[in-house]
Amino acid sequence: MHDWLLELNAQQQAAVTARPGPVLVMAGPGSGKTRVLTYRVAWLLAEGHARPWNVLAVTFTNKAAREMAERLDALLGTRTRGLTVSTFHAFCARTLRREAQFLPFTASFVIADEDDQRRLLRHIIRQELQLDDKVYRVPAVRSAISRAKNEGHTPETFPRASYRDEVVAKIYARYQQHLAEANLLDFDDLLLWAVRLFEEQPEVRARYQDLFRHLLVDEFQDTNAIQYRLVQLLGQAHRQVFVVGDMDQSIYRWRGADYRNLQRFEADFPDAEVIYLEENYRSTQNILDVAMAVLHVQPRRHRKNLRARRGSGPPVVVKQVFNEEAEAAFIAQTAVTLARQRGIPLDSMAVMYRTNAQSRPVEEELLRLGLPYRLVGAQRFYGRREIKDLVAFLRLAFNPDDVASLERVINVPPRSIGPRTWAALREQAAARGLSPGRALLDLAAHPEAWTAALSRRALKALFPVGEMLQAWHWRVGELSPAQMLDRIVADTGYEAFVRDRTEEGEARWENVQELRRLAVEYEDQGLAAFLERVALVSDQDTLQGQEQGLTLLTIHAAKGLEFRVVFLVGLVEGLLPHNRSIEDPDALAEEQRLLYVGITRARDYLFLLVPQYRLAYGGLDIVEPSRFLEPLAPPLTEGDWPRLFPHLARQLGVGERRSASGRAPARASRAASRPAPRRPRRARLRSGDRVIHPRWGEGVVLQVEVSAGDEIVEVRFEDGAVKMLLADFVQKL
DNA sequence: TTAGTATTAATTTTT
DNA sequence: TTAATACTAA
């Protein structure tokens, strides 16, 4: 018996010490799933069931992998040496580089990000196939291809149910061709090729099966078809497969994840020991009751019974506020109060939202008050223009065939290479069987050979680029990533380009410096390793700043984490559920699970915030409270119920007014042209009118203003407070 | 042909 | 608000 096993409860221990063989752990939130998986690894090693190098533990994010590795080190020290803890993508990338001899590309492939994919597709759709990009929209085609790949379809086997599918299949084929020519693999390819490798090369498969005979997968409900296949291929020989998951936390359907893989696993490994973890060590019963109420609306759901080990706790609060700024103000105020009165440190509090854009108002308020916070993801570091530019240069130095990168930066900073020149270069390069990048190198070496093909003007613009590229490419082996970066910044005059003496320019330059600092860490590992990190490590991992404070992150990014205090903001129709998911029942159900995931991150305090108005590109938009809140009426929660739901209030005979303002005809006339009409309106109120507000009581209108179709009134209430409100929310007396 | 400006259209979640 | 696109001047 190992003393660390005593840290686990009986159920958890049973899972950790299940006899070697397939194990399926089905577990609710806060039941210690990841912990169980981690301890299982420790147990396998400590009991001598496995040698470290025979273990492959797969997580979903790099961060989870890092934390698991750290925890194992803490448990076992050096006995974990040689252990592999990785994400699917990173594991596949490594495998493909190692086994490149069996594959139709070289080990020096570069990973294409979404930007590269879009560039390639845009070119194919518009230039090569001359299609209407309004009909074949790049994002739509991209996701169709991605979906096809996740289901294991090649361009040939792409399911064709319509003419459109024919065309998409054609685009898909071209796209693959372009990737191959540029020695690029996209995210899906990493998985797809790994599966293909194991399927088609029995001896490679056998080698990996014997090497990684113990396979463990966290968040199994998030695996897609390809990842599932990979688990099957690697695990089928020794059947030492240990997976943990929770169907109710499946929130990645949109990228091909299929929680039914949990059931599939049971079918494919009928001898699997199935273990349920139902006790919840994280949250109070109040929070769990709310979480269950959110889920139980879904029909024919097996009733999940989450049992808290920690008592009932403070009530869950539903709070309706005016807009996002008011949300932010409430959060700041509440956080400070909890910190002062309850001694809860700010770094055990989090603000969670559906979309990254929602972090803005919160950030601004926290900045204003000088409260520390850390932002996860959001302004994606690697997504910033200056970073993408420099990474593109680095990629080009490493791999001149990388068309997507070249297209990005050939005219950065501007050097008179516009679409025409770029098209001409592409064309002439193709005519000679070269990639545009190779053509540039050749052009720098033998400019005279190109005088016939390109205009003097084009040649003059292209030549210096070719020279730079050549200089970098030659020195790939010799310079460290940071040195290469310095060289690129110097050669391109990038500093002068970004530091345009604006504040924004300085911020951009700061980012460049940050990238350089990162590059320095890859001094020994080289450019290839650095580029791989940039491609695979999302900025979800890069918590910005070392400063401790409130954590701001999307609900997706929060999965697997826990905080003592959680503020969920923007719980309104259109955000959660998101507009894009409202039509599709499956997507809607996923939004619901997303809320469930958010709620179950909270240990002690949970605040559900509902703004009445939302700032959408310009004007204020009125928003309805999220439908998911309806089943959360008191006594489940405390707060602004039932004011939240006017339609229910109306049934009670309160608050009738909103349909009588004469805007119904206006809406009807516009409804035909636009699906979500903005309400046009003339001022309904005048200064001097007496009005009543459900929250602030009676008052006098001081000023009326109509902007962006909304009527905004300034009202002095009886307590002397003067507030700006939307006229919708006051009633004329 | 390109660079710079005016216009307009559209906004999820991530490896 | 931001990004993509159309238009105009050099």
Side-chain angles (χ1 to χ4, degrees), chain A residues 58-65 86-93 111-115 117-118 122 126 133-134 137-139 143 146 149-150 185-192 219 222-224 226-227 250-257 352-358 360-361 376-380 382-383 385 411 413-424 454-458 460-461 532-541 553-559 570 574-582 584 587 590-591 593-595 597-598 614-619 621 674-676 708:
Chain A
V58 185
T59 61
F60 225 71
T61 64
N62 291 286
K63 195 169 148 217
S86 180
T87 64
F88 274 109
H89 290 267
F91 169 74
C92 290
I111 299 163
D113 64 17
E114 206 172 314
D115 229 57
Q117 295 180 298
R118 276 202 298 264
R122 206 169 76 130
R126 296 222 289 218
D133 63 358
K134 291 262 168 11
R137 290 179 188 279
V138 171
S143 70
S146 176
K149 285 187 176 181
N150 284 327
L185 296 185
D186 67 21
F187 282 122
D188 304 316
D189 283 333
L190 294 175
L191 304 171
L192 205 53
E219 308 280 19
D222 289 335
T223 52
N224 64 27
I226 292 286
Q227 289 160 331
S250 160
I251 54 174
Y252 285 102
R253 197 184 71 104
W254 49 274
R255 84 180 173 198
M352 299 176 191
Y353 32 80
R354 174 69 233 268
T355 68
N356 281 305
Q358 292 171 262
R360 264 275 168 87
V376 181
Q379 289 287 1
R380 345 178 114 252
Y382 293 106
R385 197 178 9 200
N411 197 32
R415 45 173 86 87
S416 303
I417 302 173
R420 282 320 252 252
T421 309
W422 168 241
L454 295 165
S455 73
R456 279 191 53 186
R457 184 184 169 150
K460 199 175 147 207
E532 182 147 322
R533 154 166 181 149
V534 170
L536 284 183
V537 176
S538 74
D539 23 47
Q540 300 301 320
D541 305 304
L553 75 185
T554 62
I555 304 176
H556 282 93
K559 189 154 77 146
L575 276 177
L576 192 69
H578 195 273
N579 272 329
R580 309 272 276 224
S581 305
I582 282 175
D584 172 3
E590 178 150 310
E591 299 280 314
R593 292 194 295 269
L594 194 57
L595 177 59
V597 168
R614 189 159 78 87
L615 204 55
Y617 66 102
D621 261 8
R674 271 211 275 172

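So you know, we letter chains A, B, ... as the sequences are listed, proteins then strands, and number each from 1. We use all heavy atoms of the structure for the numbers below, so side chains are in, but hydrogens, waters and symmetry mates are not. Everything quoted here is computed from the prediction, not taken from an experiment.
- Atom CZ of Arg415(A) sits in a crowded spot, with more than 12 heavy atoms from other residues, nucleotides or ligands closer than 6.0 Å.
- Using a 4.5 Å heavy-atom threshold, the side chains of Tyr252(A) and His556(A) count as touching.
- Ile582(A) places its CD1 atom 14 Å from the P atom of dT12(B), with the value rounded to the nearest Å.
- Under 4.0 angstrom from either OP1 or OP2 of dT14(B) there lies no side-chain N or O belonging to Asn62(A).
- Residue contacts shown for Phe60(A) are limited to sugar-phosphate atoms, with no base heavy atom under 4.0 Å away.
- Counting atom types as modelled, His578(A) pairs no side-chain N or O with a base atom of dT12(B) as donor and acceptor under 3.5 Å.
- Atom C1' of nucleotide dT14(B) and atom CD of Glu114(A) are separated by 8 Å, given to the nearest angstrom.
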Between N or O atoms, less than 3.5 Å apart, protein on one side and nucleotides 4-6 of chain C on the other: list the pairs.
{"residue": "dT5(C)", "atom": "OP1", "partner": "Arg126(A)", "partner atom": "NH1", "Å": "3.2"}
{"residue": "dT5(C)", "atom": "OP2", "partner": "Arg122(A)", "partner atom": "NH1", "Å": "3.2"}

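- Here dT14(B) is the nucleotide among dT14(B), dA3(B), dT15(B) with the atom lying nearest to any side-chain atom of Ala557(A).
- Taken from CZ in Phe88(A) to CD in Gln227(A), the straight-line distance is 5.0 Å, to the nearest 0.5 Å.
- Taking NE2 of His89(A) as the start and CG of Asp188(A) as the end, the distance is 7.0 Å to the nearest 0.5 Å.
- You'll find the side chain of Ile555(A) stays beyond 4.5 Å of the side chain of Ile251(A), heavy atoms only.
- As rounded to whole Å, 15 Å separates atom P of dT12(B) from atom CG of Leu576(A).
- Residue Ser581(A) places none of its side-chain N or O atoms closer than 4.0 Å to OP1 or OP2 of dT12(B).
- One atom, CD of Glu532(A), and another, P of dT15(B), lie 15 Å apart when rounded to the nearest Å.
- Protein atom CD of Gln117(A) is 11 Å distant from nucleotide atom C1' of dT15(B), rounded to whole Å.
- If you check distances only, the side chain of Arg354(A) does reach the base of dT13(B) with a donor-acceptor pair under 3.5 Å.
- Within 4.0 Å of Arg580(A), counting heavy atoms only, lies at least one base atom of the nucleic acid.
- Taking every side-chain heavy atom of Ser416(A) into account, dA3(B) is the closest of dT12(B), dT14(B), dA3(B).
- dT13(B) and dA4(C) are spaced 23 Å apart, taking the C1' atom of each and rounding to whole Å.
- Within the 4.5 Å cutoff, the side chain of Arg580(A) has no heavy atoms near those of the Glu591(A) side chain.
- Comparing dT1(B), dA3(B), dT13(B) against the side chain of Pro414(A) picks out dA3(B) as the nearest.
- Look at Asn411(A) and you won't find any side-chain N or O under 4.0 angstrom from OP1 or OP2 of dT2(B).
- Ile111(A) contributes atom CD1, which lies 10.5 Å from atom CG of Asp189(A) (distance to the nearest 0.5 angstrom).
- Within 4.0 Å of Asn579(A), counting heavy atoms only, lies no atom of the nucleic acid at all.
- Here Asn150(A) does not reach the OP1 or OP2 of dT15(B): none of its side-chain N or O atoms lies under 4.0 Å away.
- Taking atom CZ on Arg360(A) and atom P on dT1(C), their separation rounds to 9 Å, with Å as the unit.
- Residue Pro419(A) places its side chain closer to dT2(B) than to any other of dT2(B), dA3(B), dT13(B).
- Ser86(A) is linked by a side-chain hydrogen bond (donor to acceptor under 3.5 Å, both in side chains) to nothing, counting only residues two or more places apart in sequence or in another chain.
- Across the protein-nucleic acid pair, Ile417(A) atom CD1 and dT2(B) atom P stand 9 Å apart, rounded to whole Å.
- Under the rule for a salt bridge (charged side-chain N to carboxylate O under 4.0 Å, His left out), the partners of Asp186(A) that lie at least two apart in sequence or sit in another chain are Lys149(A).
- Distance CD (Glu590(A)) to C1' (dT14(B)): 12 Å, rounded to an integer number of Å.
- Map Arg420(A) and Phe88(A) each onto its nearest nucleotide of DNA chain B; the residue landing nearer the 5' end is Arg420(A).
- Listed pair Thr421(A) / dT2(B) meets the phosphate criterion, a side-chain N or O lying under 4.0 Å from OP1 or OP2.
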